[in-house]
Amino acid sequence: MAQGLTKKSEDFSQWYNEIVRRAELADYAPVRGCMVIRPYGYALWENIQATLDRRFKETGHQNAYFPLFIPHSFIQKEAQHVEGFSPQLAVVTHGGGEELEEPLVVRPTSETIIGHFFAKWISSYRDLPLLVNQWCNVVRWEMRPRLFLRTSEFLWQEGHTAHASLEEAEAEARLILDIYAEFAEKEAAIPVIQGRKSESEKFPGALVSYTIEGMMGDRRALQMGTSHNLGQNFARAFGIQYLDRDNQLKYCWTTSWGVSTRLIGAILMVHGDDQGLILPPRLAPIQVVVVPIYKSAEERTQVLEVCRRVQEALGGRVRLKVDDRDEYTAGWKFNEWELRGVPLRIEIGPRDVAAGQVVLARRDVPGREGKWAVPLSGLVEEVEKALEDIQRDLLRRAREFRDAHTHHPQDWEGFREAVEDGFAFAPWCGDAGCEAEIQAETKATNRCLPLDQPQLPAGAKCVRCGRPARETALFARAY
RNA sequence: CGGAGAGUAGCGCAGCCUGGUUAGCGCGCAGCGUUCGGGACGCUGAGGUCGGCGGUUCGAAUCCGCCCUCUCCGACCA
């Protein structure tokens, strides 16, 4: 086990804080709630960005950039939006040494400023749909920050689109949700539940909010991405109108959607173990680390020569690092790279040189069980296959874990036990008061109303109040 | 913002209760030598506004007040 690392099973929060810092992903900033994302953590974010950005562009979206500062009056134009975000706003009152005429809000999200411009840019049905995205930082004042999961400033992407009909906006919101879910499973190796947020949980100003919810290693839920059908709420607030084919002036239907650096937290909490991080190969900044093993100078020369050849063979195909630092022993490096979550290690020592082979070691399979020798001749294929196997097994393992802690209680007693253990899919009446009582009594919140609705049994009753159930909801304790 | 805990070398901690030479320990760091298939070892050395400000005192890491930061638990949230 890693030196001095708190065990995941003993204190999950402590474990999380330690691996984030010891793996050199992030550091605390001098300002409360803010963090520094270190190069290794940022490289992970860049890989997340790259794969999402490709998907956004493939579906017709273009990147743009809108300003950090938003006139205070903008935020107040949409009633629910103001109410939802006011407590979290950072407001700039001074600039250039003088008090500003109108305070500036540091964007908590950009619906308002983008709405303002959409109104200017859209005049005809021919301008629709308008599909933009921006990668940026946002600020939401946080009472209780946690690295990556909840910081006052965080990085994200926010997509904003305008459409000619409710149906198109709805289709957009759902398309993006599918992209998020596909990203989570294929890239981050995290299975997610797609669902609709209840009235009390939805985005301030949205008609409908969709979410992907994942189960973390402590069996708590994490919202990993949201996509909102904003209806005409922001269009009306900002005058986003177009002249339709029938020469009628109509309000647009808009959407917004985002995922943030919180995803990094999710990846850590889903896959990590007592040794540290386990990064899914498709997102890992370093997919393969080569560790040379030698005693004498002569052995060193021979081993490093093989390392060089391995780098040449694999370097263009996988993200690879040769750790040829002389000042650390091989065993030390094994632990170090395991802590940092590199999915596959290649060990090369004198015995391997003599045998014309190398030893591969899977991060997700500890000890001898995860090690095997591979002849140099077949290395490229074997490494690529191993990375695919690891990616697939991480998802499978995460899914098995989630499913083992997912329950379908039909009564209150069963429900209480279920949310103690993990996810509870339960019949629910749809009433916000009932939802609040459930939270007050169990700490579990309504995560979503799953899109994939199980058939409710005839005469199903709300798990809490006993009134007729309207649909199945997913309840869990959440971040 | 309410409750609890913490802040002393890069990291982890002791010292504080009971004020008093030069503030210690482990790891890490630097140099040299021996090592190297799962976190090696020896010797030498560098490194401190004791979180900040103010107070009490002949004297404060130690006592008092205010503030800042972090962690955990609550209310709010991507």
Side-chain angles (χ1 to χ4, degrees), chain A residues 1-6 11-18 21-22 24 27-35 83-89 108-109 137-158 180 197 200-204 209 211-214 222-228 256-266 275-276 291-297 299-300 303 325-339 345 347-355 358-359 361 366-368 370-371 373 436 439-440 443 445 478-479:
Chain A
M1 130 143 189
Q3 235 170 28
L5 195 63
T6 298
D11 188 340
F12 193 84
S13 294
Q14 193 63 34
W15 167 84
Y16 176 82
N17 290 329
E18 284 179 17
R21 301 185 69 189
R22 291 188 44 175
E24 299 182 2
D27 235 328
Y28 290 110
V31 175
R32 177 181 170 75
C34 293
M35 68 187 284
E83 196 188 333
F85 279 108
S86 285
Q88 289 188 279
L89 294 180
T109 178
N137 60 340
V138 288
V139 169
R140 300 177 186 180
W141 219 255
E142 286 298 341
M143 292 296 120
R144 204 178 145 192
R146 293 201 64 190
L147 294 169
F148 289 115
L149 300 173
R150 211 172 29 233
T151 46
S152 291
E153 179 192 14
F154 57 90
L155 305 184
W156 77 344
Q157 59 70 215
E158 50 177 323
Y180 287 164
K197 284 291 185 184
S200 55
E201 294 277 344
K202 76 180 188 188
F203 177 79
S209 287
T211 177
I212 54 171
E213 299 282 329
L222 183 75
Q223 178 175 314
M224 292 171 57
T226 49
S227 177
H228 315 289
S256 68
W257 28 277
V259 296
S260 72
T261 37
R262 171 180 272 193
L263 286 173
I264 292 174
Q275 321 304 321
V291 178
I293 301 158
Y294 50 81
K295 292 189 176 73
S296 64
E299 282 178 353
R300 179 173 185 273
V303 165
R325 290 175 296 178
D326 208 22
E327 61 270 29
Y328 294 105
T329 62
W332 192 93
K333 292 175 186 174
F334 293 171
N335 285 283
E336 172 78 358
W337 292 113
E338 281 169 8
L339 171 66
R345 178 175 72 236
E347 306 174 7
I348 305 176
R351 295 205 294 268
D352 303 308
V353 173
V358 299
V359 171
R368 296 205 82 74
K371 286 195 188 192
Q439 179 172 3
K443 311 288 180 216
T445 52
Y479 278 94

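Throughout, protein chains are lettered first and strands after them, A, B, ... in sequence-line order, and every chain is numbered starting at 1.
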How many Å lie between [atom1] on [X] and [atom2] on [N], as a whole number?
X	N	atom1	atom2	value
A:Arg22	B:rG28	CZ	P	12 Å
A:Glu336	B:rC27	CD	P	18 Å
A:Arg351	B:rC36	CZ	P	13 Å
A:Tyr28	B:rA6	OH	C1'	13 Å
A:Asp27	B:rU71	CG	P	12 Å
A:Leu147	B:rU71	CG	C1'	11 Å
A:Ile293	B:rC36	CD1	C1'	9 Å
A:Phe334	B:rC36	CZ	P	14 Å

For [X], answer base if it contacts any base atom (sugar-phosphate contacts may also be present), sugar-phosphate if it contacts only those atoms, and nothing otherwise; contact means non-hydrogen atoms under 4.0 Å.
X	answer
A:Gly265	nothing
A:Val259	nothing
A:Gly258	nothing
A:Glu338	base
A:Lys197	nothing

query: From B:rG37, B:rG38, B:rU71, pick the nucleotide closest to the side chain of A:Arg345?
result: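 Nearest to the side-chain atoms of A:Arg345, counting from C-beta on, is B:rG38.
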When both hydrogen-bonding distances must be under 3.5 Å and the geometry is Watson-Crick or G-U wobble, what is [N] paired with, if anything?
N	result
B:rU62	none
B:rU56	none
B:rA4	B:rU71
B:rC77	none
B:rC50	none
B:rA30	B:rU44
B:rG39	none
B:rC16	none

- request: Verify the contact: side-chain N or O of A:Arg32 to OP1 or OP2 of B:rC68, cut-off strictly under 4.0 Å; return yes or no.
  value: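 No, outside the criterion.
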- prompt: Does the separation of the ring centres of A:Phe203 and A:Phe85 fall below 6.0 angstrom?
  reply: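 Ring centres of A:Phe85 and A:Phe203 closer than 6.0 Å.
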Give me the distances for all protein-to-nucleotides 12-14 of chain B N/O pairs that come in under 3.5 Å?
none

- request: Ignoring hydrogens and angles, answer whether the base of B:rG37 and the side-chain atoms of A:Lys333 contain a donor-acceptor pair closer than 3.5 Å.
  value: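 When only heavy-atom distances are counted, A:Lys333 does not reach the base of B:rG37 through any donor-acceptor pair under 3.5 Å.
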query: Between A:Arg262 (side chain) and A:Gln223 (backbone), is there a donor-acceptor pair under 3.5 Å?
result: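 Yes, because the side chain of A:Arg262 sits within donor-acceptor range (under 3.5 Å) of the backbone of A:Gln223.
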message: Between B:rU22 and B:rG31, how far apart are the two C1' atoms, rounded to whole Å?
response: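 My reading of the C1' atoms in B:rU22 and B:rG31 gives 25 Å.
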Under 3.5 Å, N/O pairs linking protein and nucleotides 72-78 of chain B:
{"from": "B:rC72", "atom 1": "OP1", "to": "A:Asn17", "atom 2": "ND2", "distance (Å)": "3.3"}
{"from": "B:rC73", "atom 1": "OP2", "to": "A:Arg144", "atom 2": "NH2", "distance (Å)": "2.0"}
{"from": "B:rA78", "atom 1": "O3'", "to": "A:Gln223", "atom 2": "OE1", "distance (Å)": "3.4"}
{"from": "B:rA78", "atom 1": "O3'", "to": "A:Gln223", "atom 2": "NE2", "distance (Å)": "2.5"}
{"from": "B:rA78", "atom 1": "O3'", "to": "A:Arg262", "atom 2": "NH1", "distance (Å)": "3.4"}
{"from": "B:rA78", "atom 1": "O2'", "to": "A:Arg262", "atom 2": "NH1", "distance (Å)": "3.3"}
{"from": "B:rA78", "atom 1": "N6", "to": "A:Thr151", "atom 2": "N", "distance (Å)": "3.0"}
{"from": "B:rA78", "atom 1": "N6", "to": "A:Thr151", "atom 2": "O", "distance (Å)": "2.5"}
{"from": "B:rA78", "atom 1": "N3", "to": "A:Ser260", "atom 2": "OG", "distance (Å)": "3.1"}

- prompt: Does some side-chain heavy atom of A:Gln88 sit less than 4.5 Å from a side-chain heavy atom of A:Glu142?
  reply: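 With C-beta onward as the side chain, the pair touches.
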- prompt: Taking the side chain as C-beta and beyond, is there a heavy-atom pair between A:Lys197 and A:His228 under 4.5 Å?
  reply: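 No. Closest side-chain heavy atoms not under 4.5 Å.
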A:Lys333 with A:Glu347: basic N within carboxylate O range, under 4.0 Å: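 A salt bridge is absent here (no side-chain N lies under 4.0 Å from a carboxylate O).
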Pick out the pairs of N or O atoms, protein on one side and nucleotides 40-45 of chain B on the other, that lie under 3.5 Å.
{"from": "B:rA40", "atom 1": "OP2", "to": "A:Thr329", "atom 2": "OG1", "distance (Å)": "2.9"}

